[in-house]
Amino acid sequence: MSPDTPLPAADAGRARTGKRPRRHRLMLDDGPASWLETEGVAGVPLVLLHGLGGDALTWQYNVTAFAAGERKVLALDLPGHGASTLQVGEARVADLADWVDALLDRLGLGRVDLVGHSLGARVALDLAHRPGRVRRASLLACAGLGSDLDYDFLDRLAMAADIAQARAVAGALFARPDNLVEPLARALALRMADAGARRAVQAILTANRHDLGAPLIRRDWAPPGVALQLVWGAEDRIVPPPPPGLIPGNIPLHLLDATGHMPHVEAASRVNELVRSFHS
């Protein structure tokens, strides 16, 4: 989606009031960084990382709810997405995490909490291994936890340069598409019609294809001192929930009924509750 394209409401309980986030931009070495931010001074800042093909606006029904209690919330446009740089370097998860790390340092932010979706959740997990960077992380539909990823879908997402292709991609994201598909499809088609944006998404997918399909081993989970929770749509067909045996017993897994790959949109009220509780 473009940085200014809203999604429709799918969950009547999602928060639409409170402090409105403002768009911020600055220049890093490889180009612009763009994000939405709410003002706040209380507690640990909360940083939101979207999935492949998304942008900061995918969090528009969560930001004000997460910011309750005067907390600072930042929803980033990752490299290759939104209004941030199209330069993605080698495009690996670690490279995206390096970019986030550099931006947080530039903003003077030390230890933060993270909420990541899909690819963004895997970036959050990488950041969780960096000493002093992460206190808590909520991973939504996290790519690369042993699930059988739908690579056909991901390939179609990376090539969705017309409205018909974009509609097919958008429809697969939700368990109950309703009125969600058309605006998301139009925004996706508009973005992916830009050859530079399309190349960036394709580069990220190519660079991480093997790693995202490999199950984590014990050392890949966050080190002691970083708390994790997993949130998943029970009907996620893109990154299906992993087998329970792959998840360490100390990490809670919340499965949301009648929900697909975008739980923070399709079941925003429930996700907002889970995140606020875990990151208090």
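What you see below is based on every heavy atom in this structure, not just the backbone, and it leaves out hydrogens, waters and symmetry mates.
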Output every pair passing ring pair (Phe, Tyr, Trp, His ring centres under 6.0 Å) with a member in residues 75-97, not counting sequence neighbours, ordered by first then second residue. His50-His81

Pairs where residues 193-214 contributes a residue and the test ring pair (Phe, Tyr, Trp, His ring centres under 6.0 Å) is met, not counting sequence neighbours: none

Beyond-backbone contact of Trp221 with Ile247, side-chain heavy atoms, under 4.5 angstrom: yes

Pairs flagged by salt bridge (charged side-chain N to carboxylate O under 4.0 Å, His left out) wherever residues 230-249 is involved - sequence neighbours left out: Arg176-Glu235

Distance-only check: which donor-acceptor pairs under 3.5 Å involve side-chain atoms of residues 104-114, not counting sequence neighbours?
from, atom 1, to, atom 2, distance (Å)
Asp105, OD1, Arg133, NH2, 2.6
Arg106, NH1, Met27, O, 2.8
Arg111, NE, Val134, O, 3.2
Arg111, NH2, Val134, O, 3.4
Arg111, NH2, Gly225, O, 3.2
Asp113, OD1, Arg135, NE, 3.0
Asp113, OD1, Arg136, N, 3.2
Asp113, OD2, Arg71, NH2, 3.0
Asp113, OD2, Arg135, NE, 3.4
Asp113, OD2, Arg135, NH2, 2.7
Asp113, OD2, His279, ND1, 2.9

Once you round to the nearest 0.5 Å, how far does CG of Asp257 lie from OG1 of Thr259? 7.0 Å

Side chain proximity check, Leu246 to Leu145, heavy atoms < 4.5 angstrom: no

Not counting sequence neighbours, list each pair that qualifies as a ring pair (Phe, Tyr, Trp, His ring centres under 6.0 Å) and has a residue in residues 99-128. His117-His261, His117-His264

Identify the two heavy atoms, one from Asn272 and one from Ala65, that lie closest to each other, and give their separation to 0.1 Å. ND2-CB, 3.6 Å

Common cluster, Leu140/Val73, ILVMFWY with side-chain heavy-atom separation under 4.5 Å: yes

Which residue pairs satisfy the ring pair (Phe, Tyr, Trp, His ring centres under 6.0 Å) criterion with at least one member in residues 146-171, sequence neighbours excluded? none

Do Leu256 and Leu274 come close enough that some side-chain heavy atom pair is under 4.5 Å? yes

Is the shortest heavy-atom distance from the side chain of Leu96 to the side chain of Asp126 under 4.5 Å? no

With sequence neighbours left out, write down each residue that passes salt bridge (charged side-chain N to carboxylate O under 4.0 Å, His left out) with Glu182, or none if nothing qualifies. Arg167, Arg186

Heavy atoms of Ala158 and Leu205 approach each other most closely as CB-CD2, 4.1 Å

Answer yes if Ile238 and Leu230 sit in the same cluster of Ile, Leu, Val, Met, Phe, Trp and Tyr residues linked by side chain heavy atoms under 4.5 Å apart, and no otherwise. yes

Which residues pass the salt bridge (charged side-chain N to carboxylate O under 4.0 Å, His left out) test with Asp150, sequence neighbours left out? none

Rounded to the nearest 0.5 Å, what separates atom CG in Leu48 from atom CG in Leu36? 9.0 Å

Could you tell me whether the side chain of Asn208 and the main chain of Ala91 form a donor-acceptor pair under 3.5 Å? yes

With Arg156 via salt bridge (charged side-chain N to carboxylate O under 4.0 Å, His left out) - residues at least two apart: Asp152

Judged by atom type as modelled, is there a donor-acceptor pair below 3.5 Å linking the side chain of Gln229 to the main-chain atoms of Pro252? no

Which residues pass the salt bridge (charged side-chain N to carboxylate O under 4.0 Å, His left out) test with Asp194, sequence neighbours left out? none

Sidechain-backbone polar pair: Ser280 side chain, Ser277 backbone, donor-acceptor under 3.5 Å: yes

Of all heavy-atom pairs linking Arg122 and Cys142, the shortest is N-SG, 3.7 Å

State, yes or no, whether a side-chain contact exists between His129 and Pro223 at a heavy-atom distance under 4.5 Å. yes

Sequence neighbours excluded - salt bridge (charged side-chain N to carboxylate O under 4.0 Å, His left out) pairs with any residue from residues 29-49: Glu37-Lys72

Contact between Val275 and Asn62 at the side-chain level, heavy atoms closer than 4.5 Å - yes or no? no

Please say yes or no: joined through hydrophobic side-chain contacts below 4.5 Å, possibly via intermediate residues, are Phe278 and Trp59 part of one cluster? no

Could you tell me whether the side chain of Asp77 and the main chain of Ala56 form a donor-acceptor pair under 3.5 Å? yes

Is there a path of hydrophobic side-chain contacts, each under 4.5 Å between heavy atoms, that joins Leu149 and Leu139? yes

Might you point out which heavy atoms bring Ala170 and Leu184 nearest each other, and give the distance in Å? CB-CD2, 4.0 Å

Do the side chains of Val115 and Val271 get nearer than 4.5 Å, heavy atoms only? no

If we ignore hydrogens and angles and just use 3.5 Å, is the side chain of Ser84 paired with the main-chain N or O of Ser34 as donor and acceptor? yes

Salt bridge (charged side-chain N to carboxylate O under 4.0 Å, His left out) partners of residues 82-100, not counting sequence neighbours, each pair once: Glu90-Arg92, Arg92-Asp95, Asp98-Arg130

